[in-house]
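Shown next, in structure tokens, is the structure this report addresses.
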Amino acid sequence: MKRSLVVISNRLPFVVTKNENGEPVRKNSAGGLVTALAPLVIKNKGYWVGWAGNDLTEDMEIPESDDPTAIAHGIKASQIKPIYFTPEIFQSFYNGFCNATLWPLMHSLPTLAAFKSDQWNSYVNVNEMFANAAFEAVKKFDSYEDKNNLVWIHDYQLMVTPMMLRNLLDEANISCKLAFFLHIPFPSWDIFRLNPWANEIILGLLGCDLIAFHTNTYASNFIECCLNILGARVDRKEMIVEYGNKTIVVRALPIGIPYDWFERNARVSPKPFNFKEKVIFGVDRLDYTKGIIQRVRGYERFLEKYPECREKVVFFQVAVPSRTDVEDYRNLKDELEREIGRVSGRFATAEWTPIKYIYNNISQYELAGYYRDARIAIITPVRDGMNLVAKEYVACQIDDPGVLIISPFTGAGETMNEALLVNPLEHDLVADAIKTAYDMKYYERKLRMNALQTRERLFNLDTWLESFFDAVDMIDNFMKMRSLNVSDYESWLGPILKGYNLSIILDYDGTLVPLQTHPDLAVLPEDVKSLLEKLAECKHIDVTILSGRSMNNLKNLIKIKNINLSGSHGMELCLANGLQEECEQAVIFRAKIPDLVKELQENVCEHGGWIEEKRYHVTFHWRDTNPSFRQLMVQKAVEIVQKYGFQATRAHCAVEARPPIGWDKGRGVYNILEKLYGVTWADTYKAVFIGDDETDEDAMRALSGLGITFRVGKPHVKTAASHRLANPDAVKIFLEWAIGYVDRIKSTIQTPVTERRLLAIRRKN
């Protein structure tokens, strides 16, 4: 199927360097990702967004390819959307947050991770650059309504790009599927939550329609993060996540290799070894996750434990240089070479060196020969996303089959069961695995290798691509989450609220009533009104409507007995018990409001905006403002609000002028609860707050640890709420649950604290 396509990856399928004449030229990149995706971009006349290396600057043009043998040769310069990094940004983004924070954390090594806010800010800024570049590419699609339009985002460097791009596409009303593939592990939620920005990263990924991982373990870990970090609804069996009003499909799609390519090259690659001994071969990028030092120590234990094997084997380790500008990696190289020197010095003889070591890049063509001639391949990372080396070794076993030793902590280790699996941290077990491989007879070697080759030949790189696009094309047909019902609220709230009275505090617009183009159109539906009336009569539940609307406006809208009302974000209070009060600090600003309204009307309403005057607030609604003038009008409104001494606060499609007295819905919630129950309200009451916009976030933060909070609406912003709800219909289901809750708690409800104290005194006497 031909589709409009954008691929986003940290690096382009080539880097741009300068030749001897100072002219920019392409230097082609190798690897499975380029092999898989470059032909797709060429076939679909798509675009590739990425970084082309430090030599490419904004005043240079992308050169065309001059190498017709390169797999990316057919990608024209016009199909490239380059990202430019300054050395400072590269250091903070790539060497900083990507590789000093995310890399160790994602590999379940959190003690090696460094968490620095400036590096996080660089990560966000760079992801925004990628999102903007991708958006420019999408705008060149033939159709904005084609459901086959696809942006495919790759790997951990770009985990907040999806939601940024989704917001841009939604704003421009462009239909496009977003898919993400993570090429490294995804850790369990109790490790991932150590990241101070875990919430933002998970939220960033949920801008996608499809999120794919190498294994079911990684996919399940991600789903648990959505549940435990964001409070999303999840279906573990169907592997889908519902967050706000969006459903995201999660899949395990293990990547393969170009199997036939490796098999062909294994037949013609030159012979690399001139040893009479059997070769134990390891090849890895030099990284602490690869377990190379532990491997050397396991080999040392093998030589100790099985002295009869000395001078009959050689351990040949290739370490591919990596991140040579990072001190920790230079130190790792030094430590590895010391260990190799120590072990070699301990066991070497005049005729035999137990370890051969290369610190260099080896071409894939040459590597096929190394794989072919190694009797044993030892692939033992302490953690790895997939590890394609194991698969490449299997593809190159064309004659006398070797034996694969692999760590179970790799993605490949979850499926390559015919290999010898060994924990790389247990040196005795590594030694025993090497001995088992050394002694293994031809029949068993052939049997195990045939089974491995059958699987890897079948599940190759082409199969991975087909599986991925099948999943993309089926997104709309995947089973959706079952509709939200009262049992969901019971599972969320039942265990927490058990034995407590309930104080429900609800926003109005966007929460009880769908958002309307004008506040006067937001009329309370009859079925919601009926539920509120029933709740207002319940003995163990209090209901309060807390809104930015004025008290007079609320009273006109909500004519329900025994319900509490709080207007102007809590500055006005009218309780069912008869108590009424206003915030005295806000009264002095009342006199400024007419002049503020007048100036706003004269300066920011000419392009579709309008002004709503409240008792202590003024709101500039910009939802209907001409998009070409929107940013200018918003900025002008903020300046006018501040000129009159008010605090300018962003709300949903609005700028709100508030008295600068430090009052918000957080203070409003505390005031309501204290006036209703006294300062010790938390002894016997649990508060549940539901709201839909930024002004409600203050209440959600205030009730953190003291209550349960829900945010209604789109999932594109970070929230302090415990849970997300899609729309006001979900709030109606909550109200239905709350009515049933009263009947269930009558036998377990706590005695009010004052009565408990009196009972304790009586028992004592």
Side-chain angles (χ1 to χ4, degrees), residues 30-33 99 103-104 106-109 112 155 183-185 214 255 257 262 272-273 279-300 302 314-324 326 328-341 343-344 354-364 366-396 402-413 416 419-425 427 430 433-434 437:
L33 190 67
N99 292 321
W103 182 260
M106 304 296 278
H107 285 82
S108 301
L109 299 169
L112 300 181
D155 225 4
H183 293 263
I184 65 172
H214 283 304
I255 196 170
I257 61 168
F262 277 96
F273 306 125
V279 175
I280 303 168
F281 183 62
V283 55
D284 310 83
R285 189 172 56 81
L286 185 60
D287 191 278
Y288 51 81
T289 64
K290 302 300 182 182
I292 306 175
I293 290 174
Q294 291 87 344
R295 190 179 307 160
V296 170
R297 292 170 183 163
Y299 176 67
E300 178 185 26
F302 165 74
V314 170
F315 175 31
F316 197 106
Q317 175 66 49
V318 176
V320 178
S322 173
R323 299 169 190 162
T324 54
V326 178
D328 287 346
Y329 282 77
R330 294 195 296 269
N331 293 339
L332 178 64
K333 175 178 180 289
D334 293 342
E335 184 182 359
L336 173 61
E337 291 173 354
R338 282 195 300 270
E339 282 296 290
I340 290 172
V343 174
S344 293
I355 303 178
K356 300 287 186 180
Y357 168 69
I358 293 178
Y359 178 70
N360 205 349
N361 288 290
I362 295 179
S363 72
Q364 295 280 68
E366 293 175 288
L367 198 55
Y370 283 84
Y371 289 142
R372 178 196 62 217
D373 294 345
R375 168 55 63 87
I376 300 167
I378 184 164
I379 315 297
T380 50
V382 295
R383 195 69 168 141
D384 210 345
M386 176 53 73
N387 196 292
L388 299 180
V389 168
K391 296 173 180 282
E392 292 165 2
Y393 174 75
V394 166
C396 293
V403 181
L404 174 63
I405 299 173
I406 191 168
S407 164
F409 309 134
T410 65
M416 302 181 84
L420 302 183
L421 269 66
V422 63
N423 185 332
L425 303 177
H427 300 153
V430 173
I434 295 173

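The chain is numbered in sequence order, starting from 1.
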Interatomic distance, His107 atom NE2 to Leu112 atom CG [nearest 0.5 angstrom] | 11.5 Å
Is Arg295 salt-bridged to Asp284, cutoff N-O under 4.0 Å?
-> yes
Which atom names give the shortest non-hydrogen contact between Ala390 and Ile406, and what distance separates them?
-> CB-CD1, 3.7 Å
How many angstroms lie between CD in Gln317 and CD1 in Ile358, if you round to the nearest 0.5 Å?
-> 10.0 Å
Thr410 side chain to Ser407 main-chain N or O, any donor-acceptor pair under 3.5 Å?
-> yes
Taking all atoms of both residues into account, what is the closest heavy-atom pair of His183 and Asp155, and its distance?
-> N-OD1, 2.9 Å
How long is the gap from CZ on Arg330 to CG on Leu286, to the nearest 0.5 Å?
-> 12.0 Å
Nearest-0.5 Å distance that lies between atom CG in Leu367 and atom CZ in Arg372 | 11.0 Å
Would you indicate whether the side-chain heavy atoms of His427 and Glu300 approach each other to under 4.5 Å?
-> no
Validation row: Asp287, Arg323 side chains within 4.5 angstrom (heavy atoms) = yes
For a side-chain contact (heavy atoms from CB on, under 4.5 Å) with Phe315, tell me which candidate from Val279, Ile355, Val343 qualifies.
-> Ile355
Leu332/Ile293 under side chain to side chain contact (heavy atoms under 4.5 Å, CB included): CA gap, chis, key distance, verdict = CA-CA 9 Å; Leu332 178 64; Ile293 290 174; 3.8 Å; yes
Is the Tyr359 ring parallel, tilted or perpendicular to the Tyr357 ring (thresholds 30°, 60°)?
-> parallel
In sequence, state the C-alpha distance, the side-chain angles, and the governing distance for Val296 and Leu336, and then conclude on side chain to side chain contact (heavy atoms under 4.5 Å, CB included).
-> CA-CA 8 Å; Val296 170; Leu336 173 61; 4.0 Å; yes
Side-chain (Tyr393) to main-chain (Ala368) donor-acceptor, under 3.5 angstrom = no
What about the rings of Phe273 and Tyr370, do their centers lie closer together than 6.0 Å?
-> yes
Within a strict 4.5 Å, meaning less than it, do heavy atoms of the Asp384 and Ile184 side chains meet?
-> no
For the pair Phe316 and Phe281, name the ring-plane relationship: parallel under 30°, tilted 30 to 60°, perpendicular over 60°.
-> tilted
Measure across Pro354 and Tyr299 and return the closest heavy-atom pair with its distance rounded to 0.1 Å.
-> O-OH, 2.9 Å
Thr289/Leu109 under side chain to side chain contact (heavy atoms under 4.5 Å, CB included): CA gap, chis, key distance, verdict | CA-CA 9 Å; Thr289 64; Leu109 299 169; 4.2 Å; yes
Can a donor-acceptor pair be found between the side chains of Arg285 and Ser322 at a distance below 3.5 Å?
-> yes
Heavy atoms only: give me the nearest Pro408-Leu421 pair and the separation to one decimal.
-> CB-CD2, 4.0 Å
Non-hydrogen atoms of Ala437 and Ile405 that approach each other most closely = CB-CD1, 4.1 Å
Chi angles and distances behind the side chain to side chain contact (heavy atoms under 4.5 Å, CB included) call for Ile255, His214 | CA-CA 6 Å; Ile255 196 170; His214 283 304; 3.1 Å; yes
How many angstroms lie between atom OG1 of Thr380 and atom CG of Leu420, to the nearest 0.5 angstrom?
-> 12.5 Å
Which atom pair, heavy atoms only, marks the closest approach of Arg383 to Ser108?
-> NE-OG, 4.0 Å
Out of curiosity, Phe262 CZ to Tyr371 OH, how far, rounded to the nearest 0.5 Å?
-> 6.0 Å
